[in-house]
Amino acid sequence: MFCYDRQFSANGGGLITYVVKNWSVCHPKVCCTISNQNIELLAIRARPRYLPSEISNITIINVYTRPSSNFSSADKELKSAVTKLQKENPRSFFIIAGDINQERIDIIETMNFKSLVNFCTYPQSNSILDAVYVKGDYYSAKKRHPISTSDHCSILLVPKYTEKHRAKSKQKRRAQRDLSSDNIKVMKEMIKQWTGMSFVKIVMT
């Protein structure tokens, strides 16, 4: 569990990100935090056991913008944080997810991120208030029921890539050679016929 308490006076407590143990091949760590009236952000870097070769780790950016936030300022701060993290670790795969209280973040989409959420996440108003942004075509998003007493639907992110199990081929043993004197004599006679050579040296290993 990674928790970042709210750093200003308001209802609620802040952000929490849980990292499953299977994603703890290298020690997960907090790599960025922001907490102000416009945006709250908690970025965790972790690494699952299996990833495509071009990806070194996963950076999970948990973000929350309040309904009363200045969304223009919040989006700019988010872009600045993501840009800095990308420069620090260019081979990391970024997942930006959270309750943003808006349907989309245009400034993030200009960075080649795409939203995977195209379904209602807040049933009370039949609107999209939550987002998941990624690059590439590695994941798809599925709608799930709210957890506990939450009034927002859950979003399940499903990887499209699968682990390629390499079957361990057993090393073939050399066939047992017949090195009897009679067999060697036959071999010499055959080689003489094929090559016309008068002498053949046979090396036995």
Side-chain angles (χ1 to χ4, degrees), residues 1-21 23-24 26-47 57-89 92-135 139 141-157:
M1 182 189 75
F2 295 88
C3 178
Y4 185 56
D5 294 332
R6 182 165 287 165
Q7 303 298 303
F8 58 93
S9 178
N11 294 330
L15 299 171
I16 291 180
T17 300
Y18 283 90
V19 179
V20 70
K21 291 181 179 179
W23 280 45
S24 303
C26 65
H27 296 291
K29 64 179 182 180
V30 177
C31 49
C32 182
T33 57
I34 301 174
S35 182
N36 57 49
Q37 295 286 342
N38 294 321
I39 184 172
E40 295 175 69
L41 182 148
L42 172 62
I44 307 296
R45 186 166 293 146
R47 192 189 193 289
N57 52 53
I58 303 284
T59 301
I60 307 163
I61 300 178
N62 183 355
V63 60
Y64 174 64
T65 52
R66 301 190 299 161
S68 59
S69 296
N70 182 325
F71 292 111
S72 177
S73 296
D75 295 350
K76 289 178 181 177
E77 288 193 66
L78 175 59
K79 179 183 178 180
S80 177
V82 173
T83 301
K84 181 181 177 181
L85 291 170
Q86 285 181 322
K87 288 181 179 178
E88 293 174 353
N89 199 330
S92 184
F93 182 81
F94 285 78
I95 300 173
I96 304 171
D99 179 3
I100 60 172
N101 278 298
Q102 51 183 326
E103 188 169 332
R104 57 193 301 174
I105 307 176
D106 293 333
I107 200 168
I108 290 297
E109 294 181 10
T110 62
M111 300 173 68
N112 294 324
F113 283 91
K114 66 176 181 179
S115 176
L116 299 182
V117 179
N118 56 6
F119 45 80
C120 165
T121 63
Y122 188 63
Q124 293 185 22
S125 62
N126 195 32
S127 55
I128 301 175
L129 298 183
D130 304 87
V132 176
Y133 279 94
V134 297
K135 287 184 178 181
Y139 288 90
K142 294 185 178 181
K143 183 178 180 179
R144 291 293 183 264
H145 292 292
I147 296 175
S148 187
T149 59
S150 173
D151 55 359
H152 288 243
C153 293
S154 300
I155 300 170
L156 175 64
L157 208 58

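- Pairs of residues two or more places apart, or lying in two chains, never qualify as salt bridge (charged side-chain N to carboxylate O under 4.0 Å, His left out) while including a residue from residues 78-87.
- Going from atom OG of Ser92 over to atom CD1 of Ile95 covers 9.0 Å, rounded to the nearest 0.5 Å.
- In this view, Phe93 and Tyr138, Tyr139 satisfy the ring-ring contact (aromatic ring centres under 6.0 Å, His included) rule, not counting sequence neighbours.
- Residues in residues 113-125 take part in these salt bridge (charged side-chain N to carboxylate O under 4.0 Å, His left out) pairs, two or more places apart or across chains: Lys114-Asp137.
- Pairs of residues two or more places apart, or lying in two chains, that qualify as side chain to side chain donor-acceptor pair (under 3.5 Å) and include a residue from residues 102-113 are Asp75-Gln102, Arg104-Asp106, Arg104-Glu109, Glu109-Tyr133.
- No side-chain donor-acceptor contact under 3.5 Å links Ser69 to the backbone of Phe71.
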Can you give each donor-acceptor pair under 3.5 Å made by side-chain atoms of residues 29-39, sequence neighbours left out, with the distance rounded to 0.1 Å?
unit_1 : atom_1 : unit_2 : atom_2 : d
Ser35  : OG     : Gln7   : N      : 2.9
Asn36  : OD1    : Asn38  : N      : 2.8
Asn36  : OD1    : Ile39  : N      : 2.9
Asn36  : ND2    : Glu77  : OE1    : 3.0
Asn36  : ND2    : Glu77  : OE2    : 3.2
Gln37  : OE1    : Arg66  : NH2    : 2.5
Asn38  : OD1    : Asn70  : N      : 3.0

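- Between Ile155 and Arg144 the shortest side-chain heavy-atom distance does not fall below 4.5 Å.
- Taking CE of Met111 as the start and CD1 of Ile105 as the end, the distance is 11.0 Å to the nearest 0.5 Å.
- Ile61 is listed as a side-chain neighbour of Leu85, based on a closest heavy-atom distance under 4.5 Å.
- In terms of the side-chain hydrogen bond (donor to acceptor under 3.5 Å, both in side chains) criterion, residue partners of Thr121 (sequence neighbours excluded) are, by chain and number, Asp130.
- Residues Ile100 and Leu129 have side chains not in contact (no heavy-atom distance under 4.5 Å, counting atoms from C-beta outward).
- Taking Asp151 as the reference, Tyr122, Gln124 meet the side-chain contact (heavy atoms from CB on, under 4.5 Å) condition, with sequence neighbours excluded.
- Listed by chain and number, the residues in a side-chain contact (heavy atoms from CB on, under 4.5 Å) with Ile16 are Met1, Cys3, Tyr18 (sequence neighbours excluded).
- Counting heavy atoms from C-beta on, the side chains of Asn89 and Asn57 come closer than 4.5 Å.
- Applying the salt bridge (charged side-chain N to carboxylate O under 4.0 Å, His left out) definition to pairs two or more places apart or across chains, those involving residues 34-45 are Arg6-Glu40.
- Atoms CD1 and CG, on Ile107 and Leu78 in that order, are 8.5 Å from each other to the nearest 0.5 Å.
- Counting heavy atoms from C-beta outward, Arg47 and His27 have side chains that stay 4.5 Å or more apart.
- The line from CG of Leu15 to OH of Tyr4 is 9.0 Å long, rounded to the nearest 0.5 Å.
- No hydrogens or angles considered: a donor-acceptor pair under 3.5 Å links the side chains of Thr17 and Asn62.
- Every residue two or more places apart in sequence or in another chain that forms a side-chain contact (heavy atoms from CB on, under 4.5 Å) with Cys153 is listed here: Pro123, Lys143.
- In terms of the ring-ring contact (aromatic ring centres under 6.0 Å, His included) criterion, Phe119 has no residue partners (sequence neighbours excluded).
- In this view, Ser80 satisfies the side-chain hydrogen bond (donor to acceptor under 3.5 Å, both in side chains) rule with no residue, not counting sequence neighbours.
- Of the possible donor and acceptor atoms, none in the side chain of Thr59 sits under 3.5 Å from a partner among the backbone N and O of Phe94.
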